[in-house]
Amino acid sequence: MAQNEIVRVRFAPSPTGQLHIGNVRTALFNWLFARQKRGTFILRIEDTDLERSEARYETQLMDDLKWLGIDWDEGPDVGGPYPPYRQSDKMDVYRGYAERLIKEQKAYYCFCSAEELERDRQQAMAEQRQPNYSGKCRNLDPAEVERRRSSGEPAAIRLKIPEHPIRFYDIVRGDVEFSNEVVSDPIIVRSSGMPIYNYVVVIDDADMKITHVIRGDDHISNTPKQVAVYEALGLPVPEFAHLSTILGPDRERLSKRHGATSMANFREMGILPEALMNYLALLGWAPSGGDREIFSKEELIKEFDLERVNPAPAVFDTEKLHWLNRHYIKQSPPDRIHQMGTEMLQRADLLPASVNGSVSGWANALIDLLAPYVDQLNQLRDKAKIIFNHDPISALALPENAEAFANDKGKAVARAFAKRASSESPLTPERFKAIMDEVKAETGAKGKDLFHPVRIMLIGSHSGPDFNKLIPVIEDGSRLELPVHVKSVRERVEESVAALEN
RNA sequence: GUCCCCGUCGUCUAGCCCGGCCUAGGACAUCGCCCUUUCACGGCGGUAACACGGGUUCAAAUCCCGUCGGGGACGCCA
């Protein structure tokens with residue numbers, strides 16, 4: 001790349017479904033590269049496959065990208081100097097170039113039927129040969145071509161692959177070379193007249209003056225065909241960077257059966273955008289030194305380096321994403337987490353559709369109580385069960401809880417605590433502490449033996465949030481009008497003791 | 001099957017291009033200890049890797065060859 005060349009990169013998704021996390025990483029790497037080089041980042045919609053493309057996916061993909069924090073300088077919504085930014089709006093251009101290639105004898109009509117080609121392919125595989133196109137239409141007599149064309153026989157257009165090896169430079173992998181023997185003449189225009197991806201991508205990239213093509217490495221085998229198109233058209237070949245595939249824990253390409261794979265999934269789960277961005281950046285890239293994990297958007301832009309991208313495929317690790325997400329939850333301004341958490345709880349019908357006044361304040365306290373315990377914000381729903389679903393009978397039946405009451409001491413603690421707590425309404429953290437001291441003195445229980453029975457009575461589990469924060473949330477919640485009644489401390493201990501005595 | 005790509009702790013990776021500073025560093029996970037009158041958070045510490053086999057070299061995780069393993073592509077999909 002020339003010293004003062006302005007970097008122009010693009011992210012070119014097909015609107016055929018939810019944005020896959022692997023594609024999001026591709027978008028991110030393009031964007032980071034552009035922002036660091038003070039270049040241009042372009043969004044282009046590749047919708048030549050009319051069968052599968054849908055407008056709603058296009059809207060959603062733009063929405064998802066913005067959510068992550070990626071913006072674009074040129075695109076279908078914002079325009080730019082090299083329109084159109086949606087391939088379906090550009091058919092005439094592709095057709096024009098194809099006619100030129102035919103005229104220059106760099107491409108030719110192919111009359112082979114899809115069935116015929118499929119048969120050849122199967123046979124080649126069976127004979128352990130490279131399944132290449134035979135080239136049978138390559139040297140058809142021009143008069144015959146003309147006759148068949150004018151009789152209306154359907155024909156696709158194929159590009160002639162040159163008789164020399166095709167080389168290109170890949171920033172991630174270095175020099176790559178393909179023997180021309182393994183690259184067969186590709187179809188560039190379907191018999192229906194619709195052009196093919198490998199062909200239009202080149203024209204679009206050239207028209208948009210793309211300098212670096214950064215994309216998934218599933219395209220690496222397509223690259224020689226595209227280079228051939230550049231050469232046939234006499235267009236400058238950009239630099240490439242092929243990013244490795246993201247794998248699931250079983251080392252297979254990450255797919256739906258591994259769980260969450262789309263942007264939408266992560267959003268719904270309550271993964272913060274900065275956590276996702278940070279995690280994705282670390283998948284296949286690490287700063288020199290490799291001893292930093294936390295990067296803000298600005299730091300990523302500053303530090304990111306395409307040359308340091310790892311060519312080996314990377315396994316997606318949800319645990320590490322969760323670690324980053326917990327980090328960013330803790331770092332977030334409380335208001336933001338309150339708002340996101342409230343929405344999560346509303347969706348679960350645990351909070352009223354409209355939250356204000358005392359309910360709002362209480363909801364915030366509830367979220368503060370639970371948020372430190374979640375990996376992703378939608379886990380708030382489950383964690384909130386300790387407040388909304390108090391059920392002593394099933395709690396006592398749990399094996400890990402039974403232990404706390406296995407000896408008489410546990411029951412004695414429960415009774416001693418219940419006796420005192422029942423007469424306090426509401427119970428305050430100060431009184432709670434005093435009561436615990438009394439229970440300790442009366443029963444001789446301390447540490448685990450003292451706290452576990454009490455905690456199980458209150459929330460049905462021997463582990464959970466700090467009592468000083470927990471008790472006010474329970475007591476305040478019990479006096480609010482909520483979709484699900486929150487039992488008071490008194491209700492909880494009385495029901496628990498009753499269950500215990502049976 | 002053919003071609004292409006890849007191979008450092010369980011996982012993400014630093015180191016590899018420019019051999020010695022690597023008795024291989026960091027992070028997640030895991031285990032232990034401390035803190036906490038419980039739990040979590042936090043702090044401290046531990047276990048854990050150069051796929052294998054040949055070269056080249058005084059010296060190889062680093063260079064070369066082979067084997068094995070993994071992934072991808074082979075479409076009138078993108």
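Every chain is numbered from 1 and lettered A, B, ... according to where its sequence line falls, protein lines coming before strand lines. What's counted below: heavy atoms across the whole structure, side chains too, no hydrogens, waters or symmetry copies.
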Would you mind pulling out the nucleotide paired to [N], Watson-Crick or G-U wobble, both distances under 3.5 Å?
N: B:U23; answer: none
N: B:G75; answer: none
N: B:A51; answer: B:U67
N: B:C18; answer: none
N: B:U38; answer: none
N: B:U30; answer: B:G46

Checklist outcome for this item: Closest to the 5' end of RNA chain B, once A:R308 and A:R292 are matched to their nearest nucleotides, is A:R308
Checklist entry - So which one's nearest nucleotide on RNA chain B is more toward 5', A:L321 or A:L283? => result A:L283
Checking [X] side chain against [Y] main chain: does a donor-acceptor pair fall under 3.5 Å?
X: A:R190; Y: A:I196; value: no
X: A:Y94; Y: A:I188; value: no
X: A:N325; Y: A:G270; value: yes
X: A:K106; Y: A:A232; value: yes
X: A:Y109; Y: A:R148; value: no

Next on the checklist: Please determine whether a side-chain nitrogen of the Lys or Arg among A:D205 and A:R215 lies less than 4.0 Å from a carboxylate oxygen of the Asp or Glu.
Outcome noted: no
Between [N] and [M], how far is it from one [atom1] atom to the other, in whole Å?
N: B:G1; M: B:C28; atom1: P; answer: 41 Å
N: B:G10; M: B:C16; atom1: C1'; answer: 23 Å
N: B:C9; M: B:G46; atom1: C1'; answer: 14 Å
N: B:A51; M: B:A60; atom1: P; answer: 15 Å
N: B:C34; M: B:A14; atom1: P; answer: 37 Å
N: B:C58; M: B:C12; atom1: P; answer: 37 Å
N: B:C50; M: B:C22; atom1: C1'; answer: 10 Å
N: B:G53; M: B:G7; atom1: C1'; answer: 15 Å

Next on the checklist: According to side-chain hydrogen bond (donor to acceptor under 3.5 Å, both in side chains), who are the partners of A:E299, at least two apart in sequence or on a separate chain?
Outcome noted: A:R292, A:S296
Checklist entry - Who passes side-chain hydrogen bond (donor to acceptor under 3.5 Å, both in side chains) against A:H327, sequence neighbours left out? => result none
Parallel, tilted or perpendicular: ring planes of [X] versus [Y], cut at 30 and 60 degrees:
X: A:F240; Y: A:Y230; result: perpendicular
X: A:F432; Y: A:F417; result: perpendicular
X: A:F266; Y: A:F316; result: tilted

Next on the checklist: Would you say that A:I474 contacts A:I387 through its side chain, given a criterion of any heavy-atom pair below 4.5 Å between the two side chains?
Outcome noted: yes
Nearest-Å distance for atom pair [atom1]/[atom2], residues [X] and [N]:
X: A:E303; N: B:A14; atom1: CD; atom2: P; result: 14 Å
X: A:F316; N: B:U11; atom1: CZ; atom2: P; result: 16 Å
X: A:F295; N: B:C28; atom1: CZ; atom2: P; result: 14 Å
X: A:R215; N: B:C5; atom1: CZ; atom2: P; result: 16 Å
X: A:L117; N: B:G75; atom1: CG; atom2: P; result: 9 Å
X: A:D47; N: B:C77; atom1: CG; atom2: P; result: 15 Å
X: A:K320; N: B:C9; atom1: NZ; atom2: P; result: 14 Å
X: A:W285; N: B:A14; atom1: CH2; atom2: C1'; result: 12 Å

Sugar-phosphate only, base, or nothing, as touched by [X] at under 4.0 Å among non-hydrogen atoms:
X: A:C112; answer: base
X: A:G216; answer: nothing
X: A:E293; answer: base
X: A:P311; answer: sugar-phosphate

Item to check | Selection: residues 166-181 of chain A, any non-hydrogen atom under 4.0 Å of RNA chain B | outcome: A:R173, A:F178
Can a side-chain donor-acceptor contact be found between [Y] and [X] if the only test is distance below 3.5 angstrom?
X: A:N222; Y: A:Y197; value: no
X: A:H242; Y: A:D218; value: no
X: A:D120; Y: A:Y133; value: no
X: A:T245; Y: A:D217; value: yes

Checklist entry - If the sugar-phosphate is the primed atoms plus P, OP1 and OP2 and the base is the rest, what is the B/S/- string for nucleotides 65-73 of chain B, using protein heavy atoms under 4.0 Å? => result -----SSBS
Checklist entry - Using a cut-off of 4.0 Å between protein heavy atoms and nucleotide atoms, how would you tag nucleotides 30-44 of chain B 5' to 3' with B, S and -? => result -------BBBSSS--
Checklist entry - Would you say A:R190 reaches B:A78's phosphate, i.e. side-chain N/O to OP1/OP2 under 4.0 Å? => result yes
Next on the checklist: Using a 6.0 Å cut-off, check whether atom NZ of A:K469 has over 12 heavy atoms from anything other than its own residue.
Outcome noted: no
What protein N or O atoms touch nucleotides 19-25 of chain B N or O atoms at under 3.5 angstrom, if any, and at what distances?
| residue | atom | partner | partner atom | Å |
| --- | --- | --- | --- | --- |
| B:G25 | N2 | A:G290 | O | 3.1 |

